[in-house]
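One structure is given below, encoded as C-alpha cells.
Below, chain A is the first sequence line, B the second, and so on; all start at residue 1. Both backbone and side-chain heavy atoms feed into the values below; hydrogens, waters and symmetry mates do not.
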Amino acid sequence: MERRTISVRGGMFEADVREFGAPAAEPLLFLHGSGGLMVDPYLDMLGERFHVLAPSHPGFGASTGLERLDDIIDLAIYYYDLLDELGIERIHVVGHSLGGMLAAEIAALDPGRVRRLVLSDPIGLWRDDAPVMDFFSASMAEVQAAVWADPDADYVKMRRPDPSDTAALAEATYETLQSLAAAAKFQWPIPDKGLKKRIHRIAAPTLIVWGEKDGLVPPVYAEEFRSRIRYAQVAIMRGCAHQVMIEQPEAWVALVADFLGAE
Amino acid sequence: MKFHFFHLMPWPDLPDDFPDTYRSVWVDVPSYLYDPVRGHEVYNEYLDELEYAAAMGFDGVCVNEHHANAYGLMPSPNLMAAALARRTRDAALVVLGNSIALYNPPVRVAEEFAMLDVISGGRLVAGFPVGSSMDTNYAYGQTPVTLREKYQEAHDLIVRAWTDPEVFAWNGKYTQLRYVNTWPKPVQKPRPPIWIPGGGSVETWEWVAQRDYMYCYLSYFGYKRAEMVMRGFWDEVARQGVEPNPYRAGFLQFVGVSETDAQAERDYAAAADYFYNRCLHVYSGFADAPGYRTMKTVKAGILAQIGAAARQIRAGLTWKDFIEQGYLIAGSPETVRQQIEHVARTLNIGHMMLLLHFGNLPKETVTKNTALFAGEVMPRLKGLFGEWEDRWWIQPLPADERRAPNPAAAGDVRAVK
C-alpha cells in the first residue's frame with residue numbers, strides 16, 4: 001500500500017489517499033461508507049487486478065475541507081476535481097453504503113467519467129415501509145447486530161479496541177465520532193437527497209451487491225436501485241449483512257473484479 | 001441579585017413504570033401518554049403559577065422551548081410569554097429561549113420577540129439557545145455538524161433585523177431574503193437583552209464573552225457539578241480581559257422551601273424523584289448526535305447532561321443524595337437562604353433561575369414554595385452583588401406609560417356618534 005496526500009482545488013482540500021496495486025493497472029476509485037475507510041484485505045485483493053485509489057472523504061480520517069462542502073452534490077463535484085488532480089478521465093467506481101450513494105451521484109452527474117459502477121449496500125433512496133436504520137442514534141450493540149451477519153465472529157471482535165487500553169479506546173471513539181459527524185452532513189436526517197431525480201442519468205454498466213442479511217439498508221433497496229439504472233444487475237451475497245467486503249472478502253472481490261473485468 | 005421563576009411545564013402523569021416500559025421521555029415518547037383534557041388543566045395551572053410568581057415580586061418569569069418532550073411542554077415558549085405579557089405588570093418575560101436555528105426564516109423570531117417586547121412595554125429578555133440535540137437534530141431534523149453555523153447566521157440576522165432602520169437584503173448561507181423589514185421593532189433600544197443558555201460548550205463561552213452577552217448555565221445537576229462549567233466560563237471571561245460582573249451569568253437551581261428542613265423532605269421528595277427518575281429518562285442515543293458538539297468540547301471532557309453517563313451518575317439517588325449533591329436546595333427558609341448565597345458567591349451568579357415547580361409537584365405546594373421563597377428568602381438576598389451594575393437587564397417603559405389590560409365591559413356600549 002502507498003499513501004499520499006493530494007491537494008485539491010488549490011489547497012482548499014487535502015485528500016488522504018491510499019493506493020493498492022500497480023499504478024499501470026486499470027484505475028479503480030473505492031468510496032467508503034459512513035464509518036470511514038476500513039483498511040482491510042479486500043483492498044489488497046482488489047489491488048491484484050486494479051490500481052485502487054481509496055481516499056478518505058473530506059472530514060474523515062486525515063482528509064480536510066468538509067466545511068467547504070454542503071451536500072452530496074458538492075462532494076461528488078469534489079471527486080471530479082480529485083480525479084482531475086490525478087489526471088484520470090474515466091475510472092471504475094466502487095462505493096459502499098454512503099460511498100455507494102456518492103458513487104451513484106458521481107455516475108449520474110457526469111456519466112462520461114465512470115467506466116463501470118459497483119454499488120455495494122448503498123444508501124441514497126428511501127421507502128417508508130423499509131426505512132434505512134437510524135444508526136446515528138442506535139446503540140453500538142444494535143449497529144453491530146445490523147451490520148454483521150455474525151457479530152461474534154473473530155474478524156468482528158478483533159476490530160474492537162481493547163477496553164483496557166483507555167487511550168486507544170478514546171482515540172477510536174473520537175475517530176468514529178468524527179466520521180459519523182461528517183457522514184451525517186450528507187444524509188441527515190433521511191438519506192434521500194435527490195438521487196432519485198438523477199439516478200436515471202447513470203450510463204455506466206452497474207453491479208448492485210447486497211448482503212442478504214443487511215440490517216442497516218434492507219436488501220429490498222437492491223431492486224429500487226436496479227429498476228432505476230439503465231444497465232444494472234444485482235448480486236445478493238448469502239451469509240452477509242452490511243459489511244460485505246469485510247465479511248466475505250474473497251467472494252466480494254470476485255464479484256466486483258469479474259464485473260469490472262468484463263468490460 | 002435577581003431571582004426568576006422558571007417553569008419547565010412537565011407532563012405530571014407519567015406512569016410509575018415509565019423508565020422500565022418506555023425508552024425515552026424525549027423524541028419518541030408515545031403520544032398516547034398525553035391527555036389533552038388533562039393538558040388543559042395542566043397548562044392553566046402552570047400559567048397560574050408563573051403569574052403568581054410575578055405578583056409575588058420575582059424579577060422575571062422564565063419559559064423555554066422543547067420539542068417532543070414530556071417534561072417540557074412548550075414547543076412555543078412565545079405563546080406562553082404572550083399569555084403572561086397581559087397578565088403580569090413588572091416582571092421580565094425571560095424567554096430562554098427560541099432555538100433560532102429552527103425557525104425558517106429566522107426573522108420570525110425577530111418579529112415574535114419584538115411583538116412580545118412591544119406588548120409588554122419592554123419587558124422581554126431574549127434567550128437564544130442552540131437547543132439540545134434531542135430538539136434540534138432528532139425532533140427538528142437539523143444537520144448536527146452545521147447547527148452552530150446556522151445558529152450564528154440566524155443570530156446575526158435577528159440582531160440586524162432589530163437594529164437596522166433600513167430595509168436590507170440578506171444573502172446568507174442558510175437564509176436568503178431579498179427584503180428584511182421587521183415590523184414591529186422592539187421597545188428596548190438598541191435591542192432587548194440577549195441571554196445565551198448553554199450546556200457547557202467551549203465555543204459558547206468564547207462567543208458570549210466576546211459579544212458581551214449574558215450566559216445561563218441551565219443544569220439539572222445542581223451547583224456542585226456546575227462549578228467546572230462556571231469556572232470554564234469565568235476563566236474565558238478573564239482571558240478576554242472582561243470584568244467578572246456576576247450579572248453576566250445565570251444559573252438554574254431546583255429549590256424547595258418549607259417551614260422546616262424535615263418538612264421539606266415530606267413536601268418535595270416525591271416530586272424530585274419524579275423529575276430525576278422519570279422526566280430525565282432520556283434514551284442515550286438521542287443525547288448527542290455525531291457533530292452536535294464540536295470535537296473541542298468533546299475532548300474538553302464536559303459530560304452531556306443527558307444520556308448514559310448522566311443516568312449512571314443519578315442511578316439510585318435518594319432524597320439525601322439530591323440534597324448532599326446539590327441537585328436540590330431544600331429546607332427551611334434559613335437553610336435555603338444560606339445555600340443560595342453560597343451558590344451565588346461560589347459560582348459568581350447574579351441571575352438565579354429557580355425551579356420552584358418541578359416534576360409533578362402539586363399546585364398548592366408550588367404556591368407555598370413560591371410564597372416562602374418570595375417572602376422569606378428573596379428579600380434577604382436581593383442586596384447581594386449590589387456593587388455591580390446589571391447591564392443585562394430589561395429597560396421597560398416607565399410604569400405609568402405601560403398599558404394595563406382595559407377591555408370594555410358589557411355595560412360600556414354606548415351609541416357612537
Side-chain angles (χ1 to χ4, degrees), chain A residues 33-36 57-75 98 126 131-146 166-167 169-194 216, chain B residues 23-29 67-68 101-102 131-150 152-153 171-176 201 203 282-304 306-309 311-312:
Chain A
S34 295
H57 309 316
F60 293 75
S63 293
T64 66
L66 177 68
E67 68 283 0
R68 300 181 189 278
L69 304 171
D70 292 335
D71 55 29
I72 194 80
I73 293 181
D74 284 356
L75 183 59
L98 169 64
W126 182 261
V132 175
M133 180 187 197
D134 176 14
F135 57 91
F136 293 106
S137 75
S139 70
M140 186 63 84
E142 288 168 332
V143 173
Q144 298 279 314
T166 49
L169 195 63
E171 202 45 52
T173 305
Y174 292 147
E175 202 173 311
T176 303
L177 194 57
Q178 182 199 336
S179 294
L180 291 176
K185 192 166 189 180
F186 304 106
Q187 60 186 289
W188 194 275
I190 286 176
D192 178 3
K193 300 299 179 188
L216 198 103
Chain B
R23 180 163 88 151
S24 184
V25 78
W26 211 334
V27 181
D28 62 356
V29 57
H67 301 279
L102 304 183
S132 73
S133 190
M134 288 70 76
D135 290 317
T136 59
N137 305 135
Y138 288 105
Y140 263 44
Q142 301 297 309
T143 303
V145 79
T146 48
L147 180 70
R148 286 165 205 279
E149 186 180 64
K150 192 176 179 195
Q152 291 292 340
E153 184 182 310
N171 182 22
K173 179 172 169 184
Y174 298 95
T175 302
Q176 284 189 319
S201 294
E203 292 80 3
V282 179
Y283 169 57
S284 57
F286 295 141
D288 200 1
Y292 170 74
R293 291 190 297 158
T294 62
M295 269 312 186
K296 195 172 168 188
T297 297
V298 171
K299 290 184 175 174
I302 293 159
L303 279 180
I306 312 273
R311 186 153 44 235
Q312 226 164 26

Between B/T146 and chain A, with a heavy-atom cut-off of 4.5 Å, which part of the residue counts as in contact: side chain, backbone, both or neither?
side chain

How many angstroms lie between NZ in A/K193 and CG in A/L75, if you round to the nearest 0.5 Å?
13.5 Å

Please determine, among B/G291, B/G141, B/S133, B/A289, the option with the most heavy-atom pairs under 4.5 Å with chain A.
B/G141

For A/E175, does the CD atom have more than 12 heavy-atom neighbours from other residues, nucleotides or ligands under 6.0 Å away?
no

Residue among A/D70, A/D134, A/I190 with most heavy-atom pairs under 4.5 Å to chain B:
A/D70

Sidechain-backbone polar pair: A/K185 side chain, A/L69 backbone, donor-acceptor under 3.5 Å
yes

Turns out that what part of A/Q178 lies under 4.5 Å from chain B's heavy atoms comes down to both

Between B/K173 and B/E149, does at least one N-O distance fall below 4.0 Å, as a salt bridge requires?
yes

Counting heavy-atom pairs under 4.5 angstrom with chain B, the leader among A/P189, A/G59, A/A182, A/A181 is A/A181

Would you tell me whether B/Q142 and B/N137 have side-chain atoms, one donor and one acceptor, within less than 3.5 Å of each other?
no

